[in-house]
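Worksheet for the structure shown next.
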2 protein chains.
Amino acid sequence: MYGINSHPDVIVNMPREIIPANDFAPCDSVDTALALGEAFMSKKSAKPKTDENRKVRSTLDLAKYLGLSEWTVSRAINGHPEVKQATRERVLAAMQELGFQPNPLARGLNGKSTGLIGICFGHPRSPLVVDKIASLDEFLHEKSYRGVLAISTQNPEAEKTILSDFRRMRVDGVILIQSYSQRDEIDRWLGGLPAVHVDPVEPEIGPSVYFDRKQAMHLLVDHLYTLGHRTFGALGFSASNPWRWNGLVSALEDHGLNPAKCLRSFVLPSPGIESYADGIQLAEIVLSSKKPPTALMAVNDLVGIGAARHLVDCKFQIPGDFSLTGFDDLDVGQYVVPSITSINQSPRISMRRAVEILLKTIANPSSREIATIDPILKIRKSTGRHGHR
Amino acid sequence: MYGINSHPDVIVNMPREIIPANDFAPCDSVDTALALGEAFMSKKSAKPKTDENRKVRSTLDLAKYLGLSEWTVSRAINGHPEVKQATRERVLAAMQELGFQPNPLARGLNGKSTGLIGICFGHPRSPLVVDKIASLDEFLHEKSYRGVLAISTQNPEAEKTILSDFRRMRVDGVILIQSYSQRDEIDRWLGGLPAVHVDPVEPEIGPSVYFDRKQAMHLLVDHLYTLGHRTFGALGFSASNPWRWNGLVSALEDHGLNPAKCLRSFVLPSPGIESYADGIQLAEIVLSSKKPPTALMAVNDLVGIGAARHLVDCKFQIPGDFSLTGFDDLDVGQYVVPSITSINQSPRISMRRAVEILLKTIANPSSREIATIDPILKIRKSTGRHGHR
DNA sequence: CTGAAAGCGCTTACAG
DNA sequence: CTGAAAGCGCTTACAG
């Protein structure tokens, strides 16, 4: 339905039925159109009411078919108050029956909704992206929107291009996921286009969905501290990843620890795609360091699993020698040995909120709603007391 | 660039720069437009040539700016032969410089290219989908197309709706990945829209990319047979998955084995999402069966890893007691214990071919190119001689 | 090549 | 509510 109702609370379910491409017969005269209308309505119509003889292809056709004016049909479809309820229902019912939908391109040309939502992922390589995309697809379809997907791969230049394209194709709104660009730049690129940010690197000052990474780091540190750990290693992230790092630092301080002494960061000289192979390399670095920390906190599950794999291969015990945490709560984390303690980010809920907030922002551009997603700690076999074998 | 060249071999790189939404000043008179043109061209123009004073927003503006007619500009952009090379280059250069692009909506309304490609995934839950989406995004962007993504979740009704929507938004073509619908139905829903099928369930009779699953099953069986295995179990698929099953049967027959005797199928009463949990359940079923086969072939890596996990938990040796193969060659397969023998499907190459073939089909609808992607066997630690501990 | 015009399928003032 | 019309930004015959 391409969001063509201006009454968001009255969602009309119009079927999206097929419109054969080759059966177009324009209705040039009112007579033809009326004859057509009769054919549709006549109970003893020779032809069955199949897709093949559905000739209502424009609002003008529909208007003729219903004996209304184009004006009325347009207003009815767009939920304007000038047309009375009974007429509107008649129009909507006919659309249902005929499977007719106004052409979104023509709507877009007139500055109306196209039913398109631009989706821009900053970081495509996480397995969570599949869940997010599937969820977005589901929630967007529920509201009769379509997602136009693009991936910027953390490249601001690409992001600029993508947003420009979104504007050019007149999307109704944009969902930006893990954007790495400057907030003010993005706003400039958007040029007023409604947008919701999900987990931006820059602090959120507009409509956004914000996963509480600081709390997540607190949950992990609390868990490890309770198990007796006093030395911590960050695997694959450092102070250059402020959200993770600052959360980690503040969590340590909350326990009376001095991060300068108890926290070390292990990063690769040339960071890869934060996957297993990185984890293995990072574990090598940890092992080659003096007095490695006992609690290792990986930037994500893949790195964590890779690191665990290398440590186990080197005959270290997890959690006897090292406790190890991941991040993301991927399914796979439960099926590796040892299963990996992690943080669940509720990607599905997060996407649901993103769609909700975007639609609110489209309806009311001054809305600046922010949703916070709470982390969930998943304790598994990769964390335990140090020295317990 | 929205595919606005009718000469596919001459891809013009036009910048997609930002178009501020609020600075629109329509050029109502030729005078205004010319003055504008002068301002653009004057070297001592007061205002710098920023986004802010870029006022060429339509082909008409561009035509006035260049002192050409709208007709010429349109023809130049669309690569028609009537306009001579020098003029075309001038137009194209001005577009570059001004960052102007014709409005794709208006083009679409006129039955021209919108630059949109519909992408429909039938099976969203595989981790490979991320790779496929990222690859499609990359290759489509290279050709200045945009992907509109939808997921049908193996529901023909949803697929019908999605294809109808694609037509309504005038996509230039469709990429259907793992569609579960009937081929003739799809063709009807497409109504002539150019499309390429990737790994359809129905045999491919149009433009398509076809992963050679039969050969894949042969590679696996050859490998297992060479290792001495004579009894085989299919984990998570049966004769209802014809490609897998028929390939498996023919491979066994090629080795002189009788599938009726040496092949058993293990499937869940209510199949899940073909992930780890399914694998665990399937392994339970295998273990509870009489004389379980020694070679287990999982429908995919996740199921294989889950099954392996359960077998190991039950103190069976892999590959001592069971050899186990997966399918997909997910990264994770290398990092579990034991690492899992699998089949690589070259998803990136597959997507590249899909885009290539689609663009060829758009350019020439009678083209019916079919690409075959060869499987690659990845031998890892989960397969070996039976009884070797 | 130019110029003037119609048309794609909508939306929206404008007068009745 | 109707009717006649202009406009969104393009493309495309049509006459010169």
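The sequence lines fix the lettering, A, B, ..., with proteins before strands; numbering per chain opens at 1. Quick caveat: nothing in here was measured; it's all calculated off a predicted structure.
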Could you pull out the protein-nucleic contacts involving nucleotides 12-16 of chain D (nitrogen or oxygen on both sides, under 3.5 Å)?
unit_1	atom_1	unit_2	atom_2	d
dT12(D)	OP1	Lys112(B)	NZ	3.4

- Message: Under a 3.5 Å threshold, yes or no: a donor from one side chain and an acceptor from the other, between Arg88(B) and Asn78(B)?
- Response: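 The criterion, which ignores hydrogens and geometry beyond distance, is not satisfied for Asn78(B) and Arg88(B).
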Rounded to the Å, how far apart are [X] [atom1] and [N] [atom2]?
X	N	atom1	atom2	result
Ile77(B)	dG9(D)	CD1	C1'	11 Å
Arg168(A)	dC10(D)	CZ	P	10 Å
Arg170(B)	dT11(D)	CZ	P	16 Å
Leu60(B)	dT11(D)	CG	C1'	13 Å
Arg167(B)	dG9(C)	CZ	P	14 Å
Leu62(B)	dG9(D)	CG	P	14 Å
Lys64(B)	dG9(D)	NZ	P	12 Å
Leu109(B)	dC8(D)	CG	C1'	9 Å

- Name the residue closer to the 5' end of DNA chain C, choosing between Ser69(B) and Thr59(A) according to the nucleotide with the nearest heavy atom. Ser69(B)
- Query: Does a nitrogen or oxygen in the side chain of Arg107(A) sit under 4.0 Å from OP1 or OP2 of dG9(C)?
  - Reply: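 Arg107(A) to dG9(C) OP1/OP2: no side-chain N or O under 4.0 Å.
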- Between Val83(A) and Ala106(B), which is nearer to the 5' end of DNA chain D once each is assigned its nearest nucleotide?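 This one resolves to Val83(A).
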Are any side-chain N or O atoms of [X] and backbone N or O atoms of [Y], one a donor and one an acceptor, separated by less than 3.5 Å?
X	Y	value
Asn110(B)	Lys112(B)	no
Arg90(A)	Leu66(A)	yes
Thr114(A)	Arg170(A)	yes
Arg107(B)	Ser113(B)	yes

In Å, rounded to the nearest 0.5 Å, how long is the span from [atom1] of [X] to [atom2] of [Y]?
X	Y	atom1	atom2	result
Glu157(A)	Ser181(A)	CD	OG	9.0 Å
Glu82(B)	Trp71(B)	CD	CH2	4.5 Å
Thr59(A)	Lys64(A)	OG1	NZ	10.5 Å

- Query: Thr361(B) and Glu369(B): side-chain hydrogen bond (donor to acceptor under 3.5 Å, both in side chains), yes or no, with the steps?
  - Reply: CA-CA 8 Å; Thr361(B) 307; Glu369(B) 191 170 335; over 6 Å; no
- Message: Using a heavy-atom cut-off of 4.0 Å across all strands, would you classify Leu105(A) as base, sugar-phosphate, or nothing?
- Response: nothing
- Item | Dot-bracket encoding of pairs in DNA chain D, which uses [ ] for pseudoknotted crossings and | for another strand, Watson-Crick or G-U under 3.5 angstrom | |||.||||||||.|||
